[in-house]
Enquirer: 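This is the structure I want to talk about, given as C-alpha coordinates.
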Amino acid sequence: MSLTVAVDIGGTHIRVAVYEPDSITPVAHERTRSLATQPGVYDRLEQAIESVWPQEQVKAIGMASPGPLDPHTGTILATPNIPEWKNFPVAPKLTQHFGVPTYLDNDANMAGLAEWQYGAGQGHQNLVYLTISTGIGGGVISHGCLLQGFHGMGAELGHMIIDPAGPLCGCGKHGHVESFCSGPSIARYVVEQIRSGQSSTLATQPNVSAAQIADAARAGDALAISAFERAGHYLGIAVANYLAIFDPSILIFGGGVSQVGELLFKPFEESLRKHTFHPHYLDNLVITKAALGDDAGLLGALALARMKSA
Ligand SMILES: [Zn+2]
(Lines give C-alpha, C1' and ligand atoms only; values in the text may rest on other atoms or scores of the structure.)
Protein backbone atom coordinates (compact mmCIF):
# COMPACT_ATOMS: atom_id res chain seq x y z
CA MET A 1 0.00 0.00 0.00
CA SER A 2 1.47 3.37 -0.91
CA LEU A 3 0.52 6.47 1.01
CA THR A 4 0.24 10.13 0.08
CA VAL A 5 1.54 13.02 2.17
CA ALA A 6 -0.28 16.36 1.97
CA VAL A 7 1.07 19.70 3.16
CA ASP A 8 -0.75 22.99 3.65
CA ILE A 9 1.48 25.92 4.51
CA GLY A 10 0.18 29.35 5.42
CA GLY A 11 1.35 32.48 7.18
CA THR A 12 0.41 31.06 10.59
CA HIS A 13 0.48 27.25 10.39
CA ILE A 14 2.10 24.33 8.64
CA ARG A 15 -0.20 21.31 8.44
CA VAL A 16 0.92 17.89 7.27
CA ALA A 17 -1.20 14.77 6.94
CA VAL A 18 -0.71 11.21 5.70
CA TYR A 19 -3.44 9.41 3.77
CA GLU A 20 -4.07 5.83 2.71
CA PRO A 21 -5.33 5.24 -0.86
CA ASP A 22 -9.00 6.21 -1.42
CA SER A 23 -9.32 7.81 2.01
CA ILE A 24 -9.59 11.45 3.03
CA THR A 25 -9.25 10.67 6.72
CA PRO A 26 -5.59 11.06 7.68
CA VAL A 27 -3.74 8.23 9.43
CA ALA A 28 -1.30 10.81 10.85
CA HIS A 29 -1.51 14.56 11.22
CA GLU A 30 0.85 17.33 12.36
CA ARG A 31 0.17 21.00 12.87
CA THR A 32 2.88 23.45 13.83
CA ARG A 33 3.42 27.18 13.68
CA SER A 34 5.10 28.38 10.51
CA LEU A 35 6.57 31.52 12.17
CA ALA A 36 6.62 32.76 8.60
CA THR A 37 8.44 36.03 9.21
CA GLN A 38 11.29 34.31 11.09
CA PRO A 39 14.19 32.43 9.47
CA GLY A 40 14.01 28.65 9.07
CA VAL A 41 10.55 28.16 7.59
CA TYR A 42 11.82 25.43 5.27
CA ASP A 43 13.52 23.57 8.13
CA ARG A 44 10.30 23.68 10.17
CA LEU A 45 8.42 22.36 7.15
CA GLU A 46 10.87 19.49 6.66
CA GLN A 47 10.70 18.60 10.37
CA ALA A 48 6.91 18.66 10.36
CA ILE A 49 6.86 16.22 7.44
CA GLU A 50 9.51 14.01 9.06
CA SER A 51 7.44 13.86 12.25
CA VAL A 52 4.63 12.02 10.45
CA TRP A 53 6.65 10.23 7.74
CA PRO A 54 5.35 6.65 7.70
CA GLN A 55 7.17 3.30 7.59
CA GLU A 56 5.17 2.33 4.51
CA GLN A 57 5.99 3.48 1.01
CA VAL A 58 5.01 7.05 0.12
CA LYS A 59 3.93 7.67 -3.47
CA ALA A 60 4.04 11.47 -3.56
CA ILE A 61 3.86 14.70 -1.58
CA GLY A 62 1.26 17.34 -2.48
CA MET A 63 1.60 20.87 -1.20
CA ALA A 64 -0.68 23.91 -1.03
CA SER A 65 0.98 27.28 -0.44
CA PRO A 66 0.09 30.94 -0.80
CA GLY A 67 1.25 32.22 -4.19
CA PRO A 68 2.28 33.57 -6.52
CA LEU A 69 4.13 30.39 -7.40
CA ASP A 70 5.02 28.24 -10.37
CA PRO A 71 3.43 24.80 -10.05
CA HIS A 72 5.28 23.55 -13.13
CA THR A 73 8.69 23.97 -11.44
CA GLY A 74 7.47 23.79 -7.84
CA THR A 75 8.91 27.22 -7.08
CA ILE A 76 7.46 29.88 -4.79
CA LEU A 77 7.99 33.19 -6.62
CA ALA A 78 7.49 35.69 -3.80
CA THR A 79 4.74 35.20 -1.30
CA PRO A 80 4.09 38.14 1.05
CA ASN A 81 3.15 35.66 3.82
CA ILE A 82 6.61 34.01 3.85
CA PRO A 83 9.13 36.78 3.08
CA GLU A 84 12.11 34.38 3.27
CA TRP A 85 10.89 32.45 0.20
CA LYS A 86 11.82 34.36 -2.95
CA ASN A 87 12.15 32.21 -6.08
CA PHE A 88 12.35 29.35 -3.63
CA PRO A 89 12.26 25.84 -5.20
CA VAL A 90 10.37 24.22 -2.33
CA ALA A 91 9.01 21.22 -4.25
CA PRO A 92 12.39 20.16 -5.76
CA LYS A 93 13.97 20.50 -2.30
CA LEU A 94 11.33 18.26 -0.72
CA THR A 95 11.64 15.80 -3.62
CA GLN A 96 15.38 15.60 -3.07
CA HIS A 97 15.11 15.26 0.71
CA PHE A 98 12.31 12.71 0.88
CA GLY A 99 13.01 10.86 -2.38
CA VAL A 100 9.45 11.07 -3.73
CA PRO A 101 7.90 13.44 -6.28
CA THR A 102 6.45 16.64 -4.77
CA TYR A 103 3.68 18.63 -6.44
CA LEU A 104 2.88 22.24 -5.55
CA ASP A 105 0.05 24.64 -6.33
CA ASN A 106 -1.49 27.70 -4.72
CA ASP A 107 -3.92 27.38 -1.83
CA ALA A 108 -6.98 28.71 -3.68
CA ASN A 109 -6.47 26.37 -6.64
CA MET A 110 -6.03 23.54 -4.15
CA ALA A 111 -9.21 24.45 -2.27
CA GLY A 112 -11.10 24.47 -5.57
CA LEU A 113 -9.62 21.10 -6.52
CA ALA A 114 -10.56 19.69 -3.11
CA GLU A 115 -14.16 20.95 -3.34
CA TRP A 116 -14.38 19.31 -6.77
CA GLN A 117 -12.93 15.95 -5.70
CA TYR A 118 -14.25 15.61 -2.16
CA GLY A 119 -16.59 18.51 -1.36
CA ALA A 120 -19.45 20.62 -2.68
CA GLY A 121 -18.46 20.26 -6.35
CA GLN A 122 -18.45 16.47 -6.70
CA GLY A 123 -19.93 15.31 -9.99
CA HIS A 124 -19.45 18.66 -11.75
CA GLN A 125 -16.99 19.02 -14.63
CA ASN A 126 -17.00 22.84 -14.87
CA LEU A 127 -16.50 24.55 -11.54
CA VAL A 128 -15.55 28.01 -10.31
CA TYR A 129 -14.41 28.27 -6.70
CA LEU A 130 -13.96 31.63 -5.00
CA THR A 131 -12.67 32.21 -1.50
CA ILE A 132 -13.49 35.60 -0.02
CA SER A 133 -11.63 36.51 3.15
CA THR A 134 -8.60 38.80 3.75
CA GLY A 135 -7.92 38.39 0.05
CA ILE A 136 -9.84 36.76 -2.78
CA GLY A 137 -8.57 33.59 -4.41
CA GLY A 138 -9.96 31.46 -7.18
CA GLY A 139 -9.79 27.94 -8.51
CA VAL A 140 -11.22 26.68 -11.78
CA ILE A 141 -12.02 23.19 -13.03
CA SER A 142 -12.74 23.20 -16.76
CA HIS A 143 -14.02 20.03 -18.44
CA GLY A 144 -12.69 17.97 -15.55
CA CYS A 145 -9.21 19.53 -15.56
CA LEU A 146 -7.61 21.83 -13.01
CA LEU A 147 -6.86 25.08 -14.83
CA GLN A 148 -3.22 25.99 -14.13
CA GLY A 149 -2.22 27.85 -17.28
CA PHE A 150 1.05 28.29 -19.19
CA HIS A 151 2.89 29.95 -16.28
CA GLY A 152 0.83 28.12 -13.69
CA MET A 153 -0.75 31.43 -12.74
CA GLY A 154 -4.23 30.93 -14.14
CA ALA A 155 -7.45 31.41 -12.18
CA GLU A 156 -6.28 34.45 -10.19
CA LEU A 157 -9.92 35.44 -9.99
CA GLY A 158 -9.42 37.97 -7.18
CA HIS A 159 -7.19 40.07 -9.38
CA MET A 160 -9.56 40.51 -12.29
CA ILE A 161 -9.91 44.23 -13.00
CA ILE A 162 -13.36 45.63 -12.31
CA ASP A 163 -12.46 49.34 -12.45
CA PRO A 164 -8.90 50.48 -13.25
CA ALA A 165 -9.62 53.71 -11.34
CA GLY A 166 -10.87 51.72 -8.35
CA PRO A 167 -9.39 51.26 -4.86
CA LEU A 168 -5.90 49.94 -4.15
CA CYS A 169 -5.75 46.14 -4.10
CA GLY A 170 -3.70 44.01 -1.71
CA CYS A 171 -1.40 43.25 -4.68
CA GLY A 172 -0.55 46.92 -5.28
CA LYS A 173 -2.66 47.44 -8.42
CA HIS A 174 -5.99 49.22 -8.58
CA GLY A 175 -9.60 48.17 -8.93
CA HIS A 176 -9.32 44.40 -8.71
CA VAL A 177 -12.24 42.33 -7.44
CA GLU A 178 -10.36 41.90 -4.17
CA SER A 179 -10.15 45.67 -3.69
CA PHE A 180 -13.97 45.86 -3.64
CA CYS A 181 -15.10 42.60 -2.05
CA SER A 182 -12.51 41.25 0.42
CA GLY A 183 -13.14 41.67 4.16
CA PRO A 184 -10.58 44.48 4.58
CA SER A 185 -11.94 46.23 1.46
CA ILE A 186 -15.48 46.23 2.85
CA ALA A 187 -14.14 47.57 6.15
CA ARG A 188 -12.09 50.25 4.38
CA TYR A 189 -15.22 51.46 2.56
CA VAL A 190 -17.13 51.74 5.85
CA VAL A 191 -14.30 53.70 7.49
CA GLU A 192 -14.08 56.07 4.49
CA GLN A 193 -17.81 56.71 4.58
CA ILE A 194 -17.73 57.42 8.32
CA ARG A 195 -14.79 59.82 7.79
CA SER A 196 -16.72 61.64 5.11
CA GLY A 197 -19.56 62.22 7.55
CA GLN A 198 -21.98 59.31 7.18
CA SER A 199 -23.54 58.26 10.48
CA SER A 200 -23.26 54.66 11.62
CA THR A 201 -23.30 52.65 14.83
CA LEU A 202 -19.78 51.58 13.77
CA ALA A 203 -18.48 55.16 14.06
CA THR A 204 -17.32 54.57 17.66
CA GLN A 205 -15.26 51.45 16.78
CA PRO A 206 -11.50 52.03 16.48
CA ASN A 207 -11.08 49.16 13.98
CA VAL A 208 -13.93 47.69 12.00
CA SER A 209 -13.95 44.09 10.77
CA ALA A 210 -16.22 42.51 8.17
CA ALA A 211 -17.80 40.42 10.96
CA GLN A 212 -18.64 43.57 12.96
CA ILE A 213 -20.09 45.20 9.86
CA ALA A 214 -22.25 42.11 9.35
CA ASP A 215 -23.52 42.36 12.96
CA ALA A 216 -24.28 46.06 12.49
CA ALA A 217 -26.07 45.34 9.20
CA ARG A 218 -28.26 42.71 10.88
CA ALA A 219 -29.10 45.29 13.55
CA GLY A 220 -30.26 47.65 10.80
CA ASP A 221 -27.27 49.96 10.36
CA ALA A 222 -27.78 51.61 6.97
CA LEU A 223 -24.08 52.11 6.20
CA ALA A 224 -23.25 48.50 7.08
CA ILE A 225 -26.07 47.23 4.86
CA SER A 226 -24.93 49.46 2.00
CA ALA A 227 -21.33 48.22 2.39
CA PHE A 228 -22.43 44.64 1.67
CA GLU A 229 -24.74 45.83 -1.11
CA ARG A 230 -21.77 47.52 -2.72
CA ALA A 231 -19.56 44.44 -2.32
CA GLY A 232 -22.36 42.23 -3.69
CA HIS A 233 -22.79 44.56 -6.65
CA TYR A 234 -19.11 44.28 -7.60
CA LEU A 235 -19.01 40.57 -6.87
CA GLY A 236 -21.90 40.13 -9.31
CA ILE A 237 -19.95 41.98 -12.00
CA ALA A 238 -16.91 39.81 -11.34
CA VAL A 239 -18.85 36.56 -11.47
CA ALA A 240 -20.66 37.66 -14.66
CA ASN A 241 -17.17 37.87 -16.17
CA TYR A 242 -16.26 34.42 -14.86
CA LEU A 243 -19.44 32.95 -16.35
CA ALA A 244 -18.61 34.46 -19.73
CA ILE A 245 -15.15 32.86 -19.67
CA PHE A 246 -15.64 29.52 -17.90
CA ASP A 247 -19.39 28.84 -18.17
CA PRO A 248 -19.43 26.68 -14.99
CA SER A 249 -22.25 24.44 -13.76
CA ILE A 250 -21.39 25.29 -10.15
CA LEU A 251 -20.06 28.30 -8.25
CA ILE A 252 -18.61 27.53 -4.82
CA PHE A 253 -17.95 30.25 -2.26
CA GLY A 254 -15.50 29.73 0.58
CA GLY A 255 -13.78 32.04 3.08
CA GLY A 256 -15.01 33.97 6.08
CA VAL A 257 -16.77 36.79 4.23
CA SER A 258 -18.96 34.23 2.42
CA GLN A 259 -20.38 33.27 5.82
CA VAL A 260 -22.36 36.54 6.06
CA GLY A 261 -24.99 34.95 3.81
CA GLU A 262 -27.89 36.99 2.42
CA LEU A 263 -26.33 40.36 3.29
CA LEU A 264 -23.85 39.75 0.51
CA PHE A 265 -25.54 37.12 -1.64
CA LYS A 266 -28.87 38.82 -2.21
CA PRO A 267 -27.29 41.92 -3.81
CA PHE A 268 -24.75 39.61 -5.49
CA GLU A 269 -27.43 37.53 -7.21
CA GLU A 270 -29.31 40.65 -8.33
CA SER A 271 -26.11 42.10 -9.76
CA LEU A 272 -25.16 38.80 -11.39
CA ARG A 273 -28.52 38.57 -13.17
CA LYS A 274 -28.22 42.18 -14.27
CA HIS A 275 -24.68 41.91 -15.62
CA THR A 276 -24.61 38.42 -17.10
CA PHE A 277 -24.15 38.49 -20.87
CA HIS A 278 -26.94 35.93 -21.41
CA PRO A 279 -29.47 34.48 -18.95
CA HIS A 280 -28.78 30.96 -20.25
CA TYR A 281 -25.55 30.94 -18.18
CA LEU A 282 -27.78 30.90 -15.09
CA ASP A 283 -29.95 27.93 -16.13
CA ASN A 284 -29.28 25.09 -13.67
CA LEU A 285 -26.24 26.96 -12.32
CA VAL A 286 -25.63 25.79 -8.75
CA ILE A 287 -24.48 28.52 -6.36
CA THR A 288 -23.35 27.09 -3.05
CA LYS A 289 -21.03 27.33 -0.06
CA ALA A 290 -17.79 25.38 0.27
CA ALA A 291 -18.08 22.14 2.22
CA LEU A 292 -14.54 21.44 3.41
CA GLY A 293 -13.71 24.47 5.58
CA ASP A 294 -10.15 24.69 6.89
CA ASP A 295 -9.23 21.28 5.46
CA ALA A 296 -9.68 22.43 1.85
CA GLY A 297 -6.01 23.31 1.26
CA LEU A 298 -4.76 20.05 2.72
CA LEU A 299 -7.29 17.93 0.82
CA GLY A 300 -6.48 19.82 -2.38
CA ALA A 301 -2.80 19.03 -1.91
CA LEU A 302 -3.82 15.39 -1.43
CA ALA A 303 -5.94 15.45 -4.59
CA LEU A 304 -3.12 17.10 -6.58
CA ALA A 305 -0.57 14.50 -5.49
CA ARG A 306 -2.95 11.64 -6.29
CA MET A 307 -3.84 13.17 -9.66
CA LYS A 308 -0.24 13.80 -10.73
CA SER A 309 1.11 10.46 -9.49
CA ALA A 310 -1.76 8.31 -10.81
ZN1 LIG B 1 -5.03 42.66 -6.97
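Indexing begins at 1, ligand by ligand and atom by atom, following the structure's order. Atoms considered below: every heavy atom in the structure, side chains included; atoms not considered: hydrogens, waters and symmetry mates.
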Enquirer: Between Lys274 and Glu270, is there a salt bridge with N-O shorter than 4.0 Å?
Expert: no
Enquirer: Would you call the rings of Tyr242 and Phe246 parallel, tilted or perpendicular, taking 30° and 60° as the class edges?
Expert: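 Rings of Tyr242 and Phe246: tilted, 30 to 60°.
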Enquirer: Quick one: name the protein N/O/S atoms under 2.8 Å from the Zn ion (ligand 1), chain by chain.
Expert: His159 ND1, Cys169 SG, Cys171 SG, His176 ND1
Enquirer: May I ask you to say whether Asp295 pairs ionically with Arg15, meaning some side-chain N is under 4.0 Å from a carboxylate O?
Expert: yes
Enquirer: About how many Å separate CG of Asn126 and CG of Leu251, when rounded to the nearest 0.5 Å?
Expert: 11.5 Å
Enquirer: Are Thr102 and Thr95 close enough, and set up right, to give a side-chain hydrogen bond (donor to acceptor under 3.5 Å, both in side chains), and what steps lead you there?
Expert: CA-CA 5 Å; Thr102 303; Thr95 295; 3.2 Å; yes
Enquirer: Would you call the rings of Tyr234 and Phe180 parallel, tilted or perpendicular, where under 30° means parallel and over 60° means perpendicular?
Expert: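 Answer is parallel, since the angle falls under 30°.
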